[in-house]
Structures are given as C-alpha cells and as structure tokens.
Chemist: 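Pasting a structure here, questions to come.
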Amino acid sequence: MGPLLGLAKAFCGPALARSGTLTRLQTWVRPLPTRLYHLDGCNQDVLAIAQCLSKEGSNVVVMTGAGVSTPSGIPDFRTPGSGIYDNLKQYRLPYPEAIFDISYFRQSPDAFNTWAKEFFPGLRYHPNLAHFFIKLLHDKGKLVRLYTQNIDGLEVLTGLPHEQVVHAHGSFNSASCAACGQDADLDEYKQSILLNQNPRCACSEKAPIKPDIVFFGENLPDRFQMFQEDTAFSDFLICMGTSLEVYPFAGIADAVPRKVPRLLINRTLVGSFGSREEDCLLLGDLVEQVIQLCRALGWEQDLFDLKNAYDKEKQAGQ
Ligand code: APR
Ligand code: ZN
C-alpha cells in the first residue's frame, strides 16, 4: 500500500467508517510504490505486548477479516495465488469483486451461488485457535466486542455470544429477495444452493434470493455503528487477518483514540498500522502469533482447553 493511500486511510478512515456503505478505497486512490510507515518504530516484543494487554486491556475491541479463517481451510480474498479473487477465472467476471457486487449479482447470481455452495457456514469448516483466542478474551472479561468482516460464522461456533459480535458484512443467518427484500426460507435457500439451483423470489421481478450478507454497494447493518462508542471507550484494539482494503470496516482501526495501543496480528503490515506511537505488531502466521501471545499471557492451556472441548463435542455429535 502506498503512502498516499496510507495517509488517505489514516485521515479519512473514521469518516469513511461513518459512511456505512461497503466501499473499496483502493478504487479511488492509486497506491504509490513505497510505504510511509516503518516497522522499527513499533513494539514487536510479544512479552511487552502481553504485559500491556494484561495490564491495560480491560475494554478490548477486536476486528477481524478472512485471514483468521484461512487456518480453518477457507481461503481469504487477496493473498496472491490462494485468495478467492485469484481463483474466479471460470466465472469470467468483469472484475474479481463483481462476485460480491449487488448489481452484478442481480444480473447473474451463478458465480456467487457456486461460491456460497462451497463455503456455506456450518457445513465443513470449524473455528481455529485464532477464533478461540477471541472467545478467551471474552471469558477473561476483556472483550468489548468483535467486529468481523467474515460471513463464515466460525466465531460464534466457539460459543461467543451473538451480542458480542457485529457481523459487519452480514451473515448467512437469514436470506431475502435481492429486489423486494421479502424474507426467504433459509433452509429452502440452502437446499437450492446445494443443488446448484439459482433460487428466485416469487415477486414480479423474479429477482434472485441472496443470504443477508452485505454486497458491495449495500449498507452495513445498523449495529455496525456501535463501533463509534465501543472504540471511544476502548483501551486496546486488536486487528487480525485483514488487508484493511474495504471501508467503512477498515475505518475502525483509525477510530480508536491515539493513546490506545493497537495490536496488528497479520502476515503483512496493513492500513495505517505503524503510524502511531502505541502501535504493536505480531507479523507472521496468525495461529503461531496467537499461541505465542497466549503463552506470554499465561493463557496457553486455556486456549487449548477451549479448542479441545469443541473438538470433543464435535466428535460426540458425529
Ligand atoms: N496468518 C496471518 N495472516 C494471514 C493469514 C494467516 N494464516 N491468512 C491470511 N492472512 C492475511 C493476509 O495476508 C491479508 O493481509 O489476512 C489478510 C486477508 O486480507 P483479505 O484477503 O483482503 O481479506 P479481508 O481483509 O477480510 O477482505 C475484506 O473484502 O472482498 C471483500 O467483503 C469482502 O469482507 C471482505 C473484505
Ligand atoms: Zn422479491
């Protein structure tokens, strides 16, 4: 990401976050080749970060993206080669993100429906240690709220209460008509997707039925605006597994007060991380970083206990 884009994000992030419509800043601002922000200014010492989180973090806001679900086997969007946007050739889309664009979906829902068949939540993917780390923050009484861009539903499978989660880009928990908005029966919708059909509404437009996820060009759910109060009263922000390419969600990272420590756990440096005094970074494989952080916090056993209990229940349910 270039400095121009980085500065744009740092300054207009919160404003874009208040806009409420799913947008990609990238389409407005062409990145320049180098970065303004430097790694060396940031705290990358996991022991110091753990100490800060344990001492100062009692109102923690967490924000996540597709990177937290790649360890569960769900590809993210933009990692070169493995990301979803690099693997859509068969749909001959005008541009990769068209698969999640509401006007394109209304014309040709097949590309999205084929993707939805593969990744319909609750079918074949399960939460990983990164998801259980967020549950652990909740169990330790530190989590204010999780804001996620993900629609795979894995975070609530950990037992995290729904009121602690804002699915900023919607979820598959319900379905409706893309034109008249009429609710559709979720089970019927799911069955038709699994049978490679393109379910349509009975309304005059015969419009395609879609899960209540947020397509590009649509508004985020009203609950998303809780981020303004949550960040204002937060004392620690954790951002995991996101490229921070998509607004208004990405603006959460810039909405926390400047004195609040921000921890990025991600393979790469993204967004405006590295531009603030209190920024901390754990760069690398997400699950490895989470394990190291929990070890430094003295929570490693608790983390694995949560995962083992889930696996045991899953086994018993089979
Ligand atoms: N460990 C560490 N980082 C990882 C891992 C991993 N195992 N897997 C992926 N990542 C990082 C990638 O390097 C990248 O920085 O997670 C980030 C994922 O970024 P994206 O693929 O852009 O996903 P996301 O940020 O969630 O996309 C945002 O774009 O297409 C829209 O609506 C869609 O919600 C999505 C939004
Ligand atoms: Zn309709």
Side-chain angles (χ1 to χ4, degrees), residues 1 9 21-27 63-88 93 95-102 104-106 109 112 115 119 128-131 133 147-152 154-155 166-171 175-184 189 199-211 213-218 220 224 238-253 264-271 273 281-293:
M1 176 198 65
K9 290 187 171 189
T21 311
L22 192 60
T23 325
R24 288 192 60 247
L25 184 66
Q26 207 83 346
T27 45
M63 55 189 296
T64 59
V68 295
S69 296
T70 57
S72 297
I74 301 177
D76 67 11
F77 293 92
R78 295 175 180 84
T79 292
S82 60
I84 291 170
Y85 290 146
D86 267 1
N87 292 284
L88 296 168
L93 299 166
Y95 57 93
E97 277 129 339
I99 193 170
F100 294 113
D101 182 289
I102 191 64
Y104 185 81
F105 174 79
R106 286 197 185 111
F112 173 81
W115 177 84
F119 295 112
N128 63 67
L129 288 174
H131 297 104
F133 169 58
Y147 288 81
T148 184
Q149 300 171 91
N150 299 340
I151 54 179
D152 53 39
L154 294 186
E155 49 289 307
V166 172
H167 288 100
H169 292 174
S171 73
S176 54
C177 168
C180 71
Q182 172 68 31
D183 286 346
Y189 166 72
R200 290 193 174 272
C201 178
C203 68
S204 53
E205 299 199 35
K206 297 272 167 288
I209 290 175
K210 71 176 201 55
I213 68 163
V214 180
F215 282 70
F216 283 110
E218 289 193 304
L220 274 63
F224 172 72
I238 300 177
C239 177
M240 300 202 284
T242 176
S243 58
L244 291 181
E245 289 289 337
V246 172
Y247 282 79
F249 183 88
I252 297 177
L264 172 67
I265 308 179
N266 202 59
R267 192 171 282 134
T268 53
L269 193 58
V270 294
F273 280 89
L281 308 172
L282 291 175
L283 298 183
D285 176 81
L286 219 125
V287 167
E288 274 168 35
Q289 300 306 322
V290 159
I291 292 172
Q292 282 183 33
L293 180 58

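We count ligands from 1, going down the list as the structure has it; atoms in each ligand are counted the same way.
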Chemist: How far is atom 26 (O) of ligand 1 from its nearest protein heavy atom, and which residue and atom name does that atom have?
Modeler: Ala66 N, 2.8 Å
Chemist: Is the closest heavy atom of Tyr85 to ligand 1 under 4.0 Å?
Modeler: yes
Chemist: Heavy-atom contacts with Gly241 under 4.0 Å: which atoms of ligand 1 show up? List them by number with element.
Modeler: 16 (O), 17 (C), 18 (C)
Chemist: Can you see whether Thr64 engages Glu155 through a side-chain donor-acceptor pair at a distance of less than 3.5 angstrom?
Modeler: no
Chemist: Test of understanding: given a 4.0 Å heavy-atom threshold, classify the contact between Val246 and ligand 1 as side chain, backbone, both, or neither.
Modeler: side chain
Chemist: Does Gly284 come within less than 4.0 Å of ligand 1, judged by its heavy atoms?
Modeler: yes
Chemist: With sequence neighbours excluded, what pairs up with Thr70 under the side-chain hydrogen bond (donor to acceptor under 3.5 Å, both in side chains) test?
Modeler: none
Chemist: So if I apply the ring pair (Phe, Tyr, Trp, His ring centres under 6.0 Å) rule between Phe100 and each of Trp115, Phe105, Tyr95, which one comes out positive?
Modeler: Trp115
Chemist: Which is it for Thr70 and ligand 1 at heavy atoms under 4.0 Å: side chain, backbone, both or neither?
Modeler: side chain
Chemist: Just which atoms of ligand 1 are under 4.0 Å from any heavy atom in Gly65?
Modeler: 26 (O)
Chemist: Roughly, to 10 degrees, what angle do Cys177 atom SG and Cys203 atom SG form around the Zn ion (ligand 2)?
Modeler: 120°
Chemist: Would Glu97 count as being in polar contact with ligand 1, using the rule that some N or O on each side must be under 3.5 angstrom apart?
Modeler: no
Chemist: Within a distance under 4.0 Å of any heavy atom of Thr268, pick out the atoms of ligand 1 and give their elements.
Modeler: 13 (O), 15 (O)
Chemist: State the atoms of ligand 1, each with its element, that fall below the 4.0 Å cut-off from a heavy-atom position in Asp76.
Modeler: 9 (C), 12 (C), 18 (C), 21 (O)
Chemist: Check each atom of ligand 1 against the heavy atoms of Asp285 and keep those under 4.0 Å away; list them by number with element.
Modeler: 1 (N), 7 (N)
Chemist: Tell me, please: is Glu245 in heavy-atom contact with ligand 1, that is, under 4.0 Å?
Modeler: no
Chemist: Is ligand 1 under 4.0 Å from a heavy atom in the side chain of Arg267, in the backbone, in both, or in neither?
Modeler: both
